[in-house]
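Below, chain A is the first sequence line, B the second, and so on; all start at residue 1.
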Amino acid sequence: MKPAILFYGNCQAGALAVIFGADPIIKASFDVTYAASFDDRTSSKVTLTREVVGTTAILFEQHDPKVFPMRALLPPNCLTVTFPSIDLNLLWPLHCANPFNDTPTAETPWGRFFYGDRIIVDCIQRGLSAAETIQIYEHSSAQHLPNLDRFAALEAARLASRDLKCTVTMADFILAHFREQNLFWTVNHPTMAALRELSSRLIERAKLRSIVFYSVQLDATIAGLPPQGPLGELRVPVHPNIANHFKLTWYPDEASKQYGLRREPLTYREYFGQMTECAASVRDCASIGSRT
Amino acid sequence: MSDNDIFARLAAIVRRTFRLADEAAISPEMSSLDIDGWDSLSHSILIMEVEEEFEVSLALDRVYELSDIGELASLIRSTLEAKSQNSQSSQI
């Protein structure tokens, strides 16, 4: 039995496990395992055994209120490396939970519109039709954006505050590069560019535990994976005013079809149109259900 | 502004931000663990709403270290007091 490398955390930890598990050098010396810190509907459940935890050489633990629950079973020489969740509100300041998401399916375990938009959700809650909501979104969404410079300062403080609790940090990279590189598909789903940087920083730390990590060819490993990365199934559009304000050089043409689910990409307008139609339909179905 | 006024306005912002019912009870001891959807991402939205409502800029080194709603209310109060003192001293 090879020693284990254990990733514990949210879906980002799962994505890192995919990258590490795809590397031939790492695979030859370690079994890479991912244990979710949340109810993960998207991958098969991994039940950690005492044996696996007992052979863990490195625990990569994402900083989270829910700490790794089997810490007492780790061997004394296990290296623990903590890292932050990498997320960014800045590009989606109207983001909110979506109470009008559609029904999860096997293909879309979190629903097509898991990520809500405050303007759309507010309109639907007020009983407006899909057409009225779209009209309001198109004409007034820019007015509802917060003070973006203040928001950027708050986000920088948030990322820095979380970095303080971690061995490996990421705020510096995110804040230095989000304008020139597309680092996020959604508020909490990093692109391969962000995952590559975090992987690289974790590998640097892992060198303290094993010389194997000096031989890892991270870029070659990543080249063998789908370019969108393990978390690129869904892309939420960035508001054009946000792109203008922050001068996002990677911002795609609004009319291009690249939002929503990767297998059926939509334009910016189509995405919010479908999200609104879905929300109105979910609301109306719930309303009919409550009357019958 | 009294502590009660600050807390009542803050409670209304919390209800609005996290889409709680108008009658939902909000107490100073409540934290992100007690309110659905209150995570580090939505905390930033809450702080922006608070700053707009009270017309203040909260200390960036404090806003992500708060344990509960009571601590946020205290930070708002101390920020309002500092703003008031600055305003008075600038008039002298």
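- Here A:Arg118 is the residue among A:Glu155, A:Arg118, A:Gln125 with the most heavy-atom pairs under 4.5 Å with chain B.
- With chain A as the partner, the residue from B:Ser44, B:Gly37, B:Ser42 showing the most heavy-atom pairs under 4.5 Å is B:Ser44.
- Counting heavy atoms from C-beta outward, A:Phe100 and A:Val121 have side chains that approach closer than 4.5 Å.
- Among all heavy-atom pairs drawn from A:Tyr8 and A:Ala13, the shortest one is C-CB, 3.8 Å.
- Ring geometry for A:Phe113 versus A:Tyr271: interplanar angle over 60°, hence perpendicular rather than tilted (30 to 60°).
- Using bins of under 30°, 30° to 60° and over 60° for the plane-to-plane angle, the ring pair A:Tyr115/A:His95 lands in the tilted bin.
- Contact annotation for B:Thr17: neither backbone nor side-chain heavy atoms come within less than 4.5 Å of a heavy atom of chain A.
- Put simply, of A:Leu88, A:Asp122, A:Val187, A:Leu94, the one with the most heavy-atom pairs under 4.5 Å next to chain B is A:Asp122.
- Of all the listed residues (B:Asp36, B:Leu33, B:Leu58), the one sharing the greatest number of non-hydrogen pairs under 4.5 Å with chain A is B:Leu58.
- Within 6.0 Å of atom CZ in B:Arg62, 12 or fewer heavy atoms from other residues, nucleotides or ligands are found, so the atom counts as exposed in its surroundings.
- Contact of B:Glu51 with chain A is made through the side chain alone, with heavy-atom distances under 4.5 Å.
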